[in-house]
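Down below is the structure, laid out as structure tokens.
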Amino acid sequence: QVQLVQSGAEVKKPGDSVKVSCKTSGYTFTSNYIHWVRQAPGQGLEWMGIINSSGGNTDYAQKFQGRVTMTRVTSTSTVYMELSSLRSEDTAVYYCVREERGPQHYFDYWGQGTLVTVSS
Amino acid sequence: DIQMTQSPSSLSASVGDRVTITCRASQSINSYLNWYQQKPGKAPKVLIFAASSLQSGVPSRFSGSGSGTDFTLTINSLQAEDFATYYCQQSYSTPRTFGQGTKVEIK
């Protein structure tokens with residue numbers, strides 16, 4: 001069965017960086033794009049960006065340009081999201097999400113989420 | 001960027017009610033519209049994709065309609081397990097924007 005298993009919760013200080021991992025299994029890793037979506041406490045869903053698991057090319061939301069880096073390691077079927085220059089507003093649950101392979105591009109599988117807390 | 005506007009932001013309903021949530025896109029997205037359900041402390045899960053296609057395993061009381069800019073999610077005969085927050089999302093282009101969410105609460 002398809003699974004996306006994320007790394008554990010993190011507590012960071014303002015100005016730090018955080019790197020969240022997303023290990024996938026149960027499907028051919030290079031067949032599907034992976035997105036990152038975050039959700040601040042009590043707020044809605046915010047799209048951060050996408051990575052092509054095969055070629056590694058990325059597309060980031062303008063809001064995060066210059067602060068976010070998404071990478072993948074095909075040998076371990078793992079995707080990473082690194083966010084730098086953290087501020088308190090980055091406190092959120094971060095989800096990796098698989099995009100279905102067909103033409104509709106919907107999100108068919110989600111990781112369990114990783115809580116990142118930014119506090120001095 | 002395509003803006004997605006959901007209404008209402010919250011609603012109260014009783015078990016057995018019919019519930020309708022609307023979503024409007026700031027430009028035409030054809031049928032690239034998906035609906036997700038999120039329960040507290042859990043990741044969202046897809047209910048409807050391509051505006052009206054029911055995801056495998058989702059109860060048939062959920063249905064979606066619309067195309068272009070205006071879309072609707074309908075829940076027929078609301079059940080206790082349906083109390084949650086619902087989000088629409090466009091998959092027409094990046095950034096993949098979401099509506100602000102509709103919280104369905106027990107009356």
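In what follows, every chain begins at residue 1, and chains take the letters A, B, ... in the order their sequences are listed.
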Side chain, backbone, both or neither: which part of [X] has an atom under 4.5 Å from a heavy atom of chain B?
X	result
A/V97	neither
A/Q39	side chain
A/E99	side chain

Using the rule that two of Ile, Leu, Val, Met, Phe, Trp, Tyr join whenever any of their side-chain heavy atoms come within less than 4.5 Å, decide whether [X] and [Y] are in one cluster.
X	Y	result
B/F62	B/F49	no
A/Y60	A/L86	yes
A/L115	A/V18	no

Should we say atom [atom1] of [X] is surrounded by more than 12 heavy atoms from elsewhere, each under 6.0 Å from it?
X	atom1	result
A/R67	CZ	yes
B/R61	CZ	yes
B/F83	CZ	yes
A/Q62	CD	no
A/Y33	OH	no

(request) Nearest 0.5 Å please: distance from the CG atom of A/L45 over to the OG1 atom of B/T85. (result) 9.5 Å
(request) Could you tell me the separation between the OH atom of B/Y92 and the NE2 atom of A/H105, rounded to the nearest 0.5 Å? (result) 10.5 Å
(message) Between B/S31 and chain A, with a heavy-atom cut-off of 4.5 Å, which part of the residue counts as in contact: side chain, backbone, both or neither?
(response) backbone
(request) Name the member of B/G99, B/P95, B/G101 that forms the most heavy-atom pairs with chain A at distances under 4.5 Å. (result) B/P95
Closest approach of [X] to [Y] (non-hydrogen atoms, all atoms of both residues):
X	Y	value
B/Y87	A/G44	OH-CA, 3.5 Å
A/D108	B/Q55	CB-NE2, 4.4 Å
B/P44	A/Y95	CD-CZ, 4.3 Å
A/G111	B/A43	O-CB, 3.6 Å

Do [X] and [Y] have side-chain heavy atoms sitting under 4.5 Å apart?
X	Y	result
A/F107	B/Q89	yes
B/T94	A/W47	yes
B/Q100	A/Q43	no

(request) Would you check if the side chain of B/S91 reaches a backbone N or O of A/Y106 as a donor-acceptor pair within less than 3.5 Å? (result) no
(message) Please rank A/I50, A/V93, A/D59 by heavy-atom pairs under 4.5 Å with chain B and give me the top one.
(response) A/D59
(request) Under the side chain to side chain contact (heavy atoms under 4.5 Å, CB included) rule, what do B/F98 and A/E46 come out as? Steps first, then yes or no, please. (result) CA-CA 7 Å; B/F98 292 88; A/E46 180 175 33; over 6 Å; no
